[in-house]
Structure formats: C-alpha cells, structure tokens
Amino acid sequence: MFRATMKSLLARKVRLILSGLAVVLGVMFVSGAFVLTDTLGRSFDSVFADGFSEIDVNVAAKPKVEVGEMEGEQTASPLPATVVDRVKQVPGVASATGIVNADGARVIGSNGKVLTSFGPPQLGENWTGETELMQLREGRAPQAEDEIVVNKSLATAAKVQVGQKVGVLTAFESKKRDFTLVGIMGYSGNRDSIGGVNEVFFTTPVAQRLMLGQPDTFSSITVNAAGGVSDETLRDDVARTLGADFEVKTGKQVAADASASLKEGLSFFNKILLGFAAVALLVGTFLILNTFSIIVAQRTRELALMRAIGASGRQIIGSVVLEAIAVGLIASVLGLAAGIGVGALLAFLFGKLAGGLTLAGIGVPAAAVIGSFAVGLVITVVAALLPALRASRIPPIAAMQDVATPDRPLTKITVTGSVVTGIGALLLFLGLSGNARGSTLPTILGGVLFAFIGVALLTPLISRPVVNLLGAIFSWSVPGKLGRLNSGRNPRRTAITAAALMVGIALVTGVTVILDSAKGSISALAKDTIKAELVIAGQQGGPRPPSFDPGVLDKAKALPGVQMVDGEYGDMAKLDDKSSWVAASSDITSLRQIFGAKATAGDIDRLGPTQMLASSDTAKSRGWSVGSTVKVQLNRGEARTYTVSGIYESSQLTNPVTLPVQAAKDFTIPQPIQGYIQLAPGTRVSDVQPQVEALLADSPEVSVADMDAFIKQQTGQLDGLLTMIQILLALAIVIAVLGIINTLALSVLERTRELGLLRAIGLRRGQTMGMITVEAVVISVFGALLGVAVGTGLGAAVVEALRDEGITDLILPWGQMGVFLGLAAIIGVVAAVLPAIRAARINVLGAIAHD
Amino acid sequence: MMEQSCRTIGGRREFGQTEEVDDVTATVGRQAQAAARANDVWKVYGSGEAQVIALRGVSAEFERGRFTAIMGPSGSGKSTLMHCLAGLDSVTRGTVAIGETTVTGLGDAGLTKLRRDKVGFIFQQFNLLPTLTAKENILLPLSIAGRKPDPAWYDTVIETVGLKDRLDHRPAQLSGGQQQRVACARALVSRPEVIFADEPTGNLDSRSGAEVLNFLRDSVREHGQTIVMVTHDPTAAAYADRVVFLADGQIVSELIEPTAETVLDTMKKLDTPAEVGN
C-alpha cells in the first residue's frame with residue numbers, strides 16, 4: 001500500500017506542488033515570524049548589553065508615573081546632583097558620574113527638516129568624557145554652552161560636519177537653538193551608533209537645563225566598582241545607603257530590563273504576524289481540501305479497483321492520509337526554509353529602517369521548527385481527512401462501471417453550513433456586544449472563523465444562481481457559454497475555490513469598512529464640532545509627538561483677524577492611584593468655544609491653579625463631583641492636590657481630565673503638541689495662514705494647516721495602517737489564486753477528452769483559452785463577491801459594536817469594493833493563463849482516440 | 001490579435017467556398033468524385049528498434065455521396081488511416097486531401113478550420129458535452145464557427161434521428177443509442193464534406209447499433225452525405241456501399257455492395273496469411 005501511495009504521489013507532482021505551495025506560504029509566515037522576532041530580540045539584547053557594558057551599577061530615581069507598554073514611553077524623573085556625592089561616599093565605589101540622558105533632542109538637518117528616527121529615541125546627553133566604548137572620531141569635546149558633539153550616524157543622516165552651525169530642538173525648548181558642532185563620536189568596533197539611536201551631547205549644565213528642565217539634576221548615576229568589589233555587592237550597598245526612592249540595578253539588569261520592554265513590543269508584532277499566518281493557512285486549508293477531493297474523484301476507478309482486489313476502507317484512508325503527510329512534510333521543510341529567508345530579510349530591513357541596528361546572527365528558534373512542522377502537517381492532514389473518508393466509501397463496483405459521479409445533494413452541507421454560520425454569528429454577537437466575559441478577542445476571532453467556514457459550506461448552494469448570473473455576462477460567445485457551464489458544473493469545487501478567495505477579500509473589505517468608517521466618523525466629528533480654522537500640528541515620526549514653542553501661541557493671538565488661540569498639552573499622570581491621560585489648554589475657554597464642550601456641573605470657563613476639570617464619564621467612574629479633591633502626580637515634580645471645579649459632558653473630543661496650563665511644565669513634554677486657531681468672522685484663512693507659518697519658522701517639527709488638511713493628515717495614519725494590512729492580506733489572496741490555478745489545472749486534466757472533442761469539431765486554440773479564462777473569471781469574481789458581502793457584514797458588525805467608541809457613521813467603501821471585483825477578474829485571467837495554455841495544447845488525437 | 005487573424009481566415013473561407021464550387025465543376029471527370037483522398041501515405045511511429053510502420057504507402061479515394069467502411073484486423077492501421085485522413089494525425093510521407101484542400105502541411109489553425117468546416121466526427125464514446133442539452137450539442141460545431149443552422153436542414157436532421165422530444169435533455173438523461181444519434185446529428189448538421197465515424201456502434205447494443213447505421217446509410221442515400229467508417233464488425237460494414245480492407249498497413253482488398261457474409265469471408269481470408277506470417 002505504501003509503495004502504491006508513493007507511486008501515485010510521484011505521478012501527480014504538479015498538482016501536489018500547487019497545493020503544497022499553499023502550505024509552504026502559510027508555514028513560511030509562521031517560521032518567518034519566529035525567526036524575525038528571535039533575531040531582533042537577540043539583536044536588542046546585544047545592543048543593550050553593549051550600551052550598558054561599562055556600567056557596574058546604575059542609579060535612577062523611581063518613575064513618578066508607571067506607564068504600560070502600549071501607553072507610551074516611561075519617563076524617568078530626574079535626581080538631584082547631591083545624590084552623586086552620596087553615592088561617592090559608599091565604600092567600594094571607584095567613581096560615580098551623573099548622567100543626563102533623555103529623549104527629545106531633535107537635530108535639524110542641513111535640509112532644514114527635523115531628523116526623525118522612526119523608532120529609536122533621540123537622546124540628549126551630557127558629555128562625560130571618552131571611554132573604551134565611546135570615542136571621539138573627529139574634533140573635541142563640548143566645552144562652551146553652544147557646543148555639541150553628535151554620534152556619527154546622526155552626523156551622516158543630517159549631513160552636518162564639524163565646525164558647522166546646527167539647529168537643535170530640545171526636550172524643554174521646542175524652539176530651534178543653534179549650536180556649533182565641535183565633535184563627532186562613535187563606538188568601539190567602528191560602530192556609528194548603538195541600535196540606531198541618535199545622540200546629541202551637550203555640556204552638563206546645558207544638558208540639564210534643556211533636557212531635564214532643572215539645573216543640578218541628573219537622569220541617572222553611573223557607578224563603577226573599585227577592584228575586588230562585585231557588582232551585586234556594590235548594588236546592594238548603594239541601595240541601602242540611598243533608600244527606597246531610588247532604583248539601583250547592575251548594568252546587566254538595566255540592559256536586560258531595557259531589552260525586555262522592547263521585546264514585549266516585539267511579541268505583539270509576532271502575534272500580528274502569526275495572525276496573518278493563520279489567515280494564510282485557513283485559505284491554504286481550503287486549497288488542500290479541494291485538491292485532495294479532486295484527486296480522489298479522479299482516482300475513483302483506481303481506488304475502487306484497490307477495494308475490489310481486497311484493500312480495506314481503512315487502507316484507502318491510510319493511503320490518502322499518507323499522501324497528505326508526505327505533502328505536508330515536504331511543504332513544511334520548504335516553508336521553514338523560506339521562512340528563515342523571509343525572517344532574515346525582514347530583520348535586515350527592520351535594522352536598516354531603525355537607523356542601523358546591528359543584527360545578531362540569524363537564529364532559528366525551536367518554536368519556528370516545531371511550529372512549522374506542526375502547522376504544516378496538521379493543516380494538510382486535517383484538510384485531507386474529508387476526501388480520505390469519501391475515498392474509503394467508494395464501492396468496489398465503481399471499478400467496473402464508467403460512473404459519472406452523481407451530483408450529491410447539497411442538503412446536508414447546506415444545513416451544516418447554516419448551523420456553523422449561526423454559531424459564528426452568535427459568537428460574533430457575544431464578542432462584539434461585550435458579553436464574552438473577559439475573552440472578547442478569542443470570541444470575536446472564533447466568530448469570524450466559524451462565519452468563514454459556515455459561509456464556505458453554504459457557498460455551493462449560493463454558487464448555482466450567482467454563477468449563472470455572472471456567467472450570463474459571457475454567454476454571448478460560445479467559449480464564454482461553455483466556460484460558464486463548466487464553472488457551474490461542480491458546485492462544491494467551484495465553491496471551495498471561490499471560498500478561498502473569499503477569506504482574503506472579506507478580511508480586506510472588513511478592515512476597509514472599519515477604518516473608512518472610523519475615518520469618516522472622525523472627520524465628520526472634527527468638521528462639525530471643532531470651531532477652528534487653522535491647526536498647528538506635526539507628523540509623529542518616533543516615540544515622541546512633535547511639539548512647538550509656546551511663545552507662538554501668544555504671537556498668533558496678536559495677529560489681526562485671530563479671535564482665539566488654544567495650545568493643547570498632554571501626558572500620562574497618576575490620579576490618586578490610577579494612571580490616566582491628562583490634558584491642559586492654554587486657553588480654558590476654548591473648551592466651550594472651540595471644542596463645543598458642555599458643562600454638566602460647576603464652571604468650565606475658568607480654571608484656577610489648583611483646580612481641575614473632568615469629563616462626565618471620568619467623574620462617574622471615579623466617583624468625583626464638583627468639590628472632590630484629587631491627588632495628581634505628574635511625571636515631574638511633587639504630587640499636588642487639585643479640586644474638581646467643573647465637569648463637562650464626555651464626547652469624542654474631550655479629554656478625561658483637564659489640568660490648568662501651569663501644570664504643563666511638569667509634563668514629559670512641557671510644550672504644546674497641538675494648537676488651534678479660531679478666526680474672527682469674515683477673516684480669510686489664506687490671509688492668516690502664512691503669518692502663522694512665519695511664526696513657526698523656529699519650530700520646524702510642526703506646520704500650520706487648515707482644518708481639512710489637518711483632518712487629512714490625522715486620518716492619513718489610518719491609511720498607512722490600511723495599506724499595511726492590505727499588503728499582508730495580499731498573501732492570502734495569492735494563495736487563493738494558486739487555488740484557482742490548481743482547480744482549473746485539475747479540471748482541464750479531467751476534461752481532456754471533452755477538450756479534445758471540442759478541438760476536433762473545430763474549436764480554435766484561442767477559443768479554448770477563452771473558455772478556460774471565462775471559467776476562472778467566473779469563479780474568482782464569485783469569490784470576490786462573496787468576500788465583499790461577508791466582509792461588509794463583518795465590518796458593519798464591528799462598526800455597530802464601536803458605536804459607543806465614536807465610530808458613528810457606517811461608511812461602505814464602494815470604490816474599493818469595485819476595485820476588489822475588478823481585481824478578482826484580473827486574478828481570474830492570470831490564474832487561467834497556464835491551465836488555458838495547457839488546454840489549448842491538448843493533443844486532439846490523444847484526447848479522443850484513446851481511452 | 002489572434003481573434004483578428006482568425007476572423008480574416010473566416011472571411012477568406014467564404015470566398016473560398018464559392019470558388020471551390022466553380023473548381024468542382026471545372027474539374028469534373030478528373031477527381032471531382034473524391035471527397036477524401038490518400039496518396040502513397042506512410043505513417044511511421046518511433047525510430048530504430050522501436051520503429052512501427054502503421055501505414056505502408058496507402059493510396060485510396062473516398063467518393064462523394066458514398067458510404068465507405070474501412071475494415072481490418074486490429075493493428076492493421078485502419079484507425080491510423082482514418083486519423084490521417086481527418087487531419088487528426090500527421091503523415092510521415094505522402095499526401096492527404098479533403099475535397100480540394102491538401103491536409104498535409106496544414107498548421108493547427110488550418111487543421112482547426114478544416115475540421116470545423118469540412119469534416120464531421122462520430123466516435124465510439126459518443127463524446128457529448130455533459131453540460132449542454134442535446135440540441136446545444138447538435139448545434140455546437142455551428143456555434144463554434146459562428147454560423148447559423150439552415151433551419152430546413154436542421155429540421156430534417158432532427159426528424160431523421162428521431163430526437164424531437166429529447167432535445168432539451170442532457171446526455172446523462174439519454175440512453176447510449178440516443179446519445180450516439182445526437183452525435184450523428186451533430187456531425188450531419190454542418191453538412192461537412194465528409195463524416196468520419198470511428199467504431200460508431202462499438203458501444204451500442206445491436207438494436208441501437210442498427211438504428212444508427214440505418215440512419216447513416218439514409219443520410220448518404222437521401223442527402224448525398226459522404227461517410228467513412230472504421231469498424232471491425234462485418235454486420236456494420238454491410239451497411240456501407242464499399243468496404244476497403246487493410247492488413248499490415250496496406251490496402252489488401254475491396255468489396256462493392258457488401259453483405260455481412262462476403263465481408264466475413266474476406267476477413268477470414270485476410271486472417272489466414274497473417275497467421276502464416278506469424
């Protein structure tokens with residue numbers, strides 16, 4: 001039996017290669033994801049290990065506000081310079097150096113644009129001298145107030161040279177300040193940066209003032225142990241001396257912690273990639289199921305003969321499953337290899353994008369190997385099980401008859417499909433309505449999966465009328481009509497092939513519906529509610545949002561025709577015991593006059609230095625009312641108590657808490673991150689805009705835009721997200737295309753005799769190709785139609801569920817849907833090319849004369 | 001591009017037809033009676049040790065309006081001869097012509113055009129398209145060529161094959177005999193120069209077989225159709241006007257107005273020397 005199986009496997013290489021290819025692509029995604037995250041993870045490890053290699057013990061103040069990974073960057077609070085002296089007193093300390101090291105030193109390149117880092121921080125530091133690790137490549141150390149040194153990769157990217165004047169925006173000054181570049185530094189081993197970080201070194205007092213906002217403070221203290229003292233002992237001694245307000249860690253710990261927090265982000269990335277792998281594999285499952293079904297159908301006679309000469313039903317199942325295992329194994333190996341390649345390539349691209357991250361060697365973690373084989377084998381075998389069962393039910397008598405496989409009734413499959421679709425809808429409803437008790441995401445995903453499988457099962461029933469209707473378009477020509485009839489010939493086969501395409505198209509459509517609705521809702525809300533004609537804002541290119549000089553606000557206010565100017569500040573803060581986003585407005589009256597806030601209690605038109613406002617939702621969940629007192633701990637400074645003086649109605653545009661503008665000096669970014677300008681009635685936007693632009697000359701991170709442009713800029717980020725998702729889902733569509741090619745190729749094989757006859761009675765080669773193409777186009781457009789319908793349904797359900805989150809308008813992307821259908825037609829044509837050529841080349845005599 | 005050039009060929013074909021009619025009248029007396037002609041046809045498969053010679057210099061003419069049967073023991077080359085005559089297979093040497101068209105040397109497009117316009121086929125396996133109804137199957141060659149059927153002739157064909165009440169059935173709903181009658185109607189409806197039938201009764205019981213053969217003979221007698229049929233069944237051959245016998249790739253005998261008995265006798269004679277040869 002084994003030998004017979006292998007023989008028949010080898011005899012059908014092409015069709016198995018095609019179905020195997022789907023598994024290869026899915027497995028490639030799985031192993032690629034693991035390889036990528038493993039490689040990047042180890043690269044980060046080595047980057048941080050290097051960066052902290054010269055530190056024996058590190059002392060930092062405890063952060064004042066704990067910030068979760070998804071909420072933003074942790075801001076370390078500065079420690080007073082006196083702590084350095086206290087550390088120096090600890091026995092065993094050879095040296096202790098106060099370090100200034102904070103994100104937000106942004107260099108303006110020689111082209112006048114602010115250099116962005118796309119990920120790694122842009123650090124502003126104090127120059128503490130050369131070490132074995134850090135060396136000056138050119139020039140000298142900064143000595144005067146207006147002198148800086150930058151790292152080599154920054155100098156290269158900004159195209160600046162020693163001796164030049166360089167503009168820098170700093171954490172506490174979002175207004176350009178000119179420095180003279182006196183030196184360029186690099187790291188041992190001829191590295192221009194560590195991990196793509198941009199670094200600007202000032203003299204210590206300048207770094208303290210511009211990066212920490214306070215003289216005589218440091219971000220951390222680097223401690224080196226005297227000979228014979230271990231890092232751990234020193235750490236414990238220093239910690240004991242300083243007390244509980246400080247975090248004292250060994251250099252190794254700091255490196256591990258820093259790396260761990262980045263890896264947390266990586267594991268999120270890994271999950272996303274695995275999600276796409278799951279989609280690819282789901283589509284691949286359809287494809288394999290279909291291939292094996294067709295192969296079993298074609299081998300009916302052969303299998304029946306085996307039954308007739310004594311093979312048991314179990315042996316038949318075994319033979320088909322064995323074939324599946326062989327395909328799964330080969331595909332897993334190839335997929336793993338391809339995944340390693342893709343993972344390495346992505347890691348390389350990532351390293352380049354992140355400003356030259358030095359990659360550790362490409363690693364293949366056990367998870368990649370195990371995951372690849374498990375997924376590849378399981379998927380293939382599961383997909384082949386159903387066809388195997390069917391094969392075992394072939395009666396031996398079928399060997400003697402020239403059986404035209406009877407059209408099995410669709411009742412059973414339709415009932416099953418309805419039930420599965422029902423379960424999917426129920427799960428979706430539960431998940432989306434928030435009734436899934438803590439497992440919302442799995443419930444929703446399960447719902448989507450069930451919905452897909454259910455619809456796929458219902459597809460054969462739907463396929464008849466829809467395919468007929470679609471095919472009617474082509475029925476004016478004979479090849480068109482024949483193609484249409486062929487595509488309606490085996491509803492199950494057509495259905496599964498189309499269903500594979502449906503999955504990809506449905507997901508893309510669903511995501512498009514959701515994002516378009518979000519975009520539309522946000523735009524509508526902003527347009528209808530915000531009463532400002534001009535907005536000052538910038539594109540965020542790293543962890544830190546762009547900010548600008550608060551002085552611009554006053555100058556803008558003084559411009560003729562300007563009625564009101566508001567600068568918005570924001571940060572995470574600890575309110576009593578829970579952290580929350582807090583905002584501050586430079587002009588509190590803007591709350592009502594620009595953002596249309598309505599007071600539900602107290603007074604929201606004025607705000608004293610110890611008062612705060614809250615949104616009605618926040619007040620409700622925290623149990624606050626006018627007069628409540630709240631202890632607020634900002635990222636800098638001591639905790640202060642504020643009294644709630646007013647509550648405004650929650651809307652999409654209101655912040656949970658608004659603090660007086662005086663508090664903003666203790667925000668991580670003590671400058672406004674957005675500015676809104678309301679013009680007096682009758683003032684032309686085009687008159688004011690250039691004047692504001694001129695005011696922003698020294699704040700190159702931001703620009704002024706009219707409302708429409710601002711909305712476009714804000715929603716543009718969603719467009720980027722959409723494009724990324726579409727690219728990843730394109731893989732699912734590519735697999736579906738393979739499926740169409742496969743189905744067609746097998747159909748052509750199956751109908752060799754028929755094609756021969758058609759050629760014998762005068763069908764031209766071109767007409768033969770046309771016939772196959774129509775069949776492919778009908779199948780693919782049918783799949784796309786299903787996908788668009790299912791995707792719209794899923795998207796609409798999610799939008800409905802997000803109504804409370806502010807996505808109020810359901811926007812159907814008709815244009816996109818049209819594009820998908822058009823794309824499906826092209827996909828059909830492309831998929832038909834090879835099978836059509838094959839069909840056209842059929843040897844007429846061979847096809848009809850011999851049985 | 002392809003479509004374009006094909007259309008041009010199609011256009012030329014129509015002119016060609018009228019010219020051929022003139023040609024036929026002009027060349028009456030010489031070879032006007034031959035609907036298909038083989039001239040010293042050799043067919044060799046393989047080379048060296050594995051070389052098989054299927055046809056050894058066969059020359060034959062198949063007159064217009066006659067029903068010719070090709071007979072011979074299996075391996076005699078009768079099917080190969082028919083395939084070469086019909087342009088389904090190429091010849092190694094010699095020439096083949098259908099009407100005034102030399103088949104030898106035609107490319108795929110030319111052969112397709114030839115089959116579409118001048119040749120009809122009937123197969124042992126019926127070879128109907130399962131997706132099409134009987135009527136659609138019958139009209140398929142005309143639809144492919146983009147021609148309208150001659151309504152009177154269509155009615156006549158349907159009448160003769162006796163399928164009037166089965167026209168909307170699909171092949172799966174028809175008996176073997178009915179399917180073969182549909183296949184015959186399909187071959188007849190485009191009024192080809194010659195119909196090649198390959199064991200048309202091979203898959204039928206004797207009654208259905210007789211029906212089909214009667215029907216083929218009638219189409220020759222009443223409508224002047226030319227039919228060349230390959231068969232190994234003497235009873236079937238007896239329906240023909242003339243039987244050509246092949247053995248070892250050569251024409252060895254011929255019978256005019258055969259009966260089942262005379263055919264059987266000839267076959268027996270043919271078998272004997274072959275056995276001696278072995």
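Below, read A as the first sequence line, B as the second, and so on, with proteins coming before strands; counting in each chain starts at 1.
Ranking T112(B), I144(B), L88(B), T131(B) against chain A, the residue ahead of the rest is I144(B), based on heavy-atom pairs under 4.5 Å. Here P130(B) is the residue among A86(B), P130(B), S79(B) with the most heavy-atom pairs under 4.5 Å with chain A.
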**Request:** Begin from the C-alpha positions of V844(A) and L755(A) and carry the test side-chain contact (heavy atoms from CB on, under 4.5 Å) through to its verdict.
**Result:** CA-CA 8 Å; V844(A) 183; L755(A) 287 161; over 6 Å; no

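Looking at S747(A) and R493(A), their side chains do bring a donor and an acceptor atom within 3.5 Å of each other. Side-chain N/O atoms of N290(A) and T743(A) include a donor and acceptor closer than 3.5 Å.
With a 6.0 Å radius and a threshold of 12 heavy atoms from other residues, nucleotides or ligands, H232(B) has its NE2 atom at or below the threshold.
Heavy atoms closer than 4.5 Å to chain B are found in the side chain of L757(A), but not in its backbone. Of the atoms belonging to D108(B), it is side-chain heavy atoms, and not backbone ones, that fall under 4.5 Å from chain A. In this structure, no portion of Q124(B) lies under 4.5 Å from any heavy atom of chain A.
Here the side chains of V467(A) and F782(A) are in contact, with some heavy-atom distance below 4.5 Å.
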